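To keep things clear, I will list the structure first and then write my remarks on it.
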Amino acid sequence: MDFFLCLAIVLVVGGGAGYLFTKLRLPALLAYMLLGIVLGSLGLMNPQILAVSGELRKITLIIILLKAGLSLDLEDLKKVGRPALLMSFLPCCIEMITIGIVSHFLLGLSFVEGFLLGAVLGAVSPAVVVPRTSRLMDEGIGTDQGIPQMITAASSMDDIVMIVFYTSFLTIEGGGAMKLSSFMTIPVSIITGILGGIVVGLIFAYLFDHVHLRDSMKLIILLGTSFFLVYLENYLQDFIAYSSLLSVIAMGMTLFFKTQVRATRLKAKCDRLWVVSEIFLFTLVGASIQINYALEVLGLALVTIIIGLIFRNIGVQLAIMGTQLDQKERTFMSIAYLPKATVQAAIGGGLLDLGNQLNNPAIINAGIIVLSVAVVAILFTAPLGAILMDLTYKGLLKASKS
């Protein structure tokens, strides 16, 4: 199919289908992914677009992290306290470890590949959850107990934690062997990534205070700098471990800390950019999937996902143990942590991209498995979580007294 005709179909048909899905109270991203699956299975997706799908997914991941950083207020976690902090890492880490072990035996992945799959699946989807928690806050439902605030803040941190683990396991897989020295690079990359992002964020905070620029230009500068940080990671990999993705999130968080009003405006600009990016992200993920293989592993994939969700729920209940939440509110917390979509789409094909870069058939095969399971997880959990949140929030949560 012609390049521009393909772009037109993705945007027009995808946008229209997404609008219809939202009217049905379903996530629009499902429409985008289904469109991609149809185009890919019929061989209609332009090969030039597929050739750069890995780079496009990396760009969307950068946008996701920048959006999160520009809106992530650590004070929100402090206000809700210990449960919010535990919710930001305990459920996803328990799910990651569970899937890492289960997928080794059910799907034949190595433990590193299994834990990488666990990191892919461990992140909750802000695209599904945050609009619904925002509605809860607008309607004053569950706010006295801090439930929507806790879910919103913790889910953003949850994604960051899983992305850190994902990049670490991907680096180990690329090295071809699991050594103790490989794990030693993880804390180094975390420290250098955060420090680098803070320094860059402070520079931009000073620049934006003293040089008048339109918000659109500020966002362009931030995105350009984010892309440079990704290049810098590739350049520095032979000298020192460095996480460019952590730098991006730290840069956004620093700007939020220095000036919340400006960061909020930039995040709004980022949201508009995300509207188009989201369509391409999920359409490309759908087009990249080998549908016949995905159907072959569907049963084992669902078993793996469900086992992971069971242990994730245990993590949620452990995180909120000792709080004043009643059983209904605890049930809603578990429901809100079901949906998977955005991060899975952004990083689900990373192992496959690595295998293609290294021309390694074993990694390519593992990458196909990871991507297939990620797609199944999105198609299964995104509508399930969205529908259950919409149907149950009035019955499970209390209206604000104020």
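All values derive from a computational prediction rather than experimental measurement.
- Separating the CG atom in Leu117 from the CZ atom in Phe111 is a distance of 13.5 Å, to the nearest 0.5 Å.
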Would Leu202 and Phe257 count as a side chain to side chain contact (heavy atoms under 4.5 Å, CB included) here? Give the steps.
CA-CA 10 Å; Leu202 289 173; Phe257 176 77; over 6 Å; no
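- Ring geometry for Phe208 against Phe204 counts as parallel: the plane angle stays under 30°, on a 0 to 90° scale with 60° as the upper cut.
- Looking at Leu29 and Ile378, their side chains come closer than 4.5 Å, going by heavy atoms from C-beta outward.
- Under a 3.5 Å cut-off, the side chain of Gln344 and the backbone N or O of Ala123 do form a donor-acceptor pair.
- A side-chain donor from one of Gln317 and Ser334 sits under 3.5 Å from a side-chain acceptor of the other.
- Annotation: salt bridge (Lys or Arg N to Asp or Glu O under 4.0 Å) contacts involving residues 340-352, sequence neighbours excluded, comprise Glu95-Lys340.
- Side-chain contact between Trp274 and Thr60 is present, with at least one heavy-atom pair separated by less than 4.5 Å.
- Under the 4.5 Å side-chain criterion, counting only non-hydrogen atoms from C-beta, Ile320 is in contact with Met87.
- Between Phe282 and Tyr32, the two ring planes are tilted [angle within 30° to 60°].
- Looking at heavy atoms from C-beta onward, Val10 lies in side-chain contact with Met45 at the 4.5 angstrom threshold.
- A donor-acceptor pair under 3.5 Å is formed between the side chain of Ser110 and the backbone N or O of Glu113.
- For the pair Val161/Ser88, no side-chain contact is recorded, criterion being any heavy-atom separation below 4.5 Å from C-beta on.
- Look at Lys269 and Asp215 and you find no salt bridge, because none of the NZ, NE, NH1 or NH2 atoms lies under 4.0 Å from a carboxylate O.
- Shown are Leu281, Leu284, Val375; of these, the side chain to side chain contact (heavy atoms under 4.5 Å, CB included) with Met33 is made only by Val375.
- Taking 4.5 Å as the limit, every side-chain heavy atom of Glu329 sits out of range of all side-chain heavy atoms of Met333.
- By the 4.0 Å N-to-carboxylate-O rule, Asp326 lies too far from Arg330 to be salt-bridged with it.
- The shortest distance between side-chain heavy atoms of Thr192 and Leu195 does not fall below 4.5 Å.
- In this structure, the side chains of Cys6 and Leu44 stay at 4.5 Å or more apart for every pair of heavy atoms.
- By the 30° and 60° cut-offs, the orientation of the rings of Phe169 relative to Phe165 is parallel.
- From Thr392, atom OG1 reaches atom CD1 of Ile335 across 4.0 Å, with rounding to the nearest 0.5 Å.
- Between the side chain of Ser41 and the backbone N or O of Val38, at least one donor-acceptor pair lies under 3.5 Å.
- To the nearest 0.5 angstrom, Phe256 atom CZ is 5.5 Å from Thr264 atom OG1.
- Between the CG atom in Leu56 and the OG1 atom in Thr283 there is a gap of 11.5 Å [rounded to 0.5 Å].
- Using modelled atom types, no side-chain atom of Arg25 and backbone atom of Ile387 make a donor-acceptor pair closer than 3.5 Å.
- Of the listed residues (Val120, Asn365, Ile347, Leu121), just one forms a side chain to side chain contact (heavy atoms under 4.5 Å, CB included) with Val370, and that residue is Val120.
- At least one donor-acceptor pair closer than 3.5 Å links the side chain of Ser247 to the backbone N or O of Gly193.
- Screening Leu358, Ile369, Leu352 for a side chain to side chain contact (heavy atoms under 4.5 Å, CB included) involving Ile364 leaves a single residue, Leu352.
- Residue Phe311 places its CZ atom among 12 or fewer non-hydrogen atoms of other residues, nucleotides or ligands, all under 6.0 Å distant.
- Here the SG-CG distance, from Cys270 to Leu66, works out to 4.5 Å after rounding to the nearest 0.5 Å.
- Leu255 and Ala205 get closest at one heavy-atom pair: CD2-N, 3.7 Å.
- With rounding to the nearest 0.5 Å, the separation of OG1 in Thr225 from CG in Leu229 is 6.5 Å.
- Under a 4.0 Å N-O distance rule, the pair Lys67/Asp159 does not qualify as a salt bridge.
- One finds a salt bridge joining Arg262 and Asp209 here, because a Lys/Arg side-chain nitrogen approaches an Asp/Glu carboxylate oxygen to under 4.0 Å.
- The residues Asp144 and Lys398 are annotated as not salt-bridged, no charged nitrogen and carboxylate oxygen being separated by less than 4.0 angstrom.
- With hydrogens and angles disregarded, no donor-acceptor distance shorter than 3.5 Å links the side chain of His104 to the backbone of Gly114.
- Judged by distance alone, the side chain of Asp158 and the main-chain N or O of Val124 form a donor-acceptor pair under 3.5 Å.
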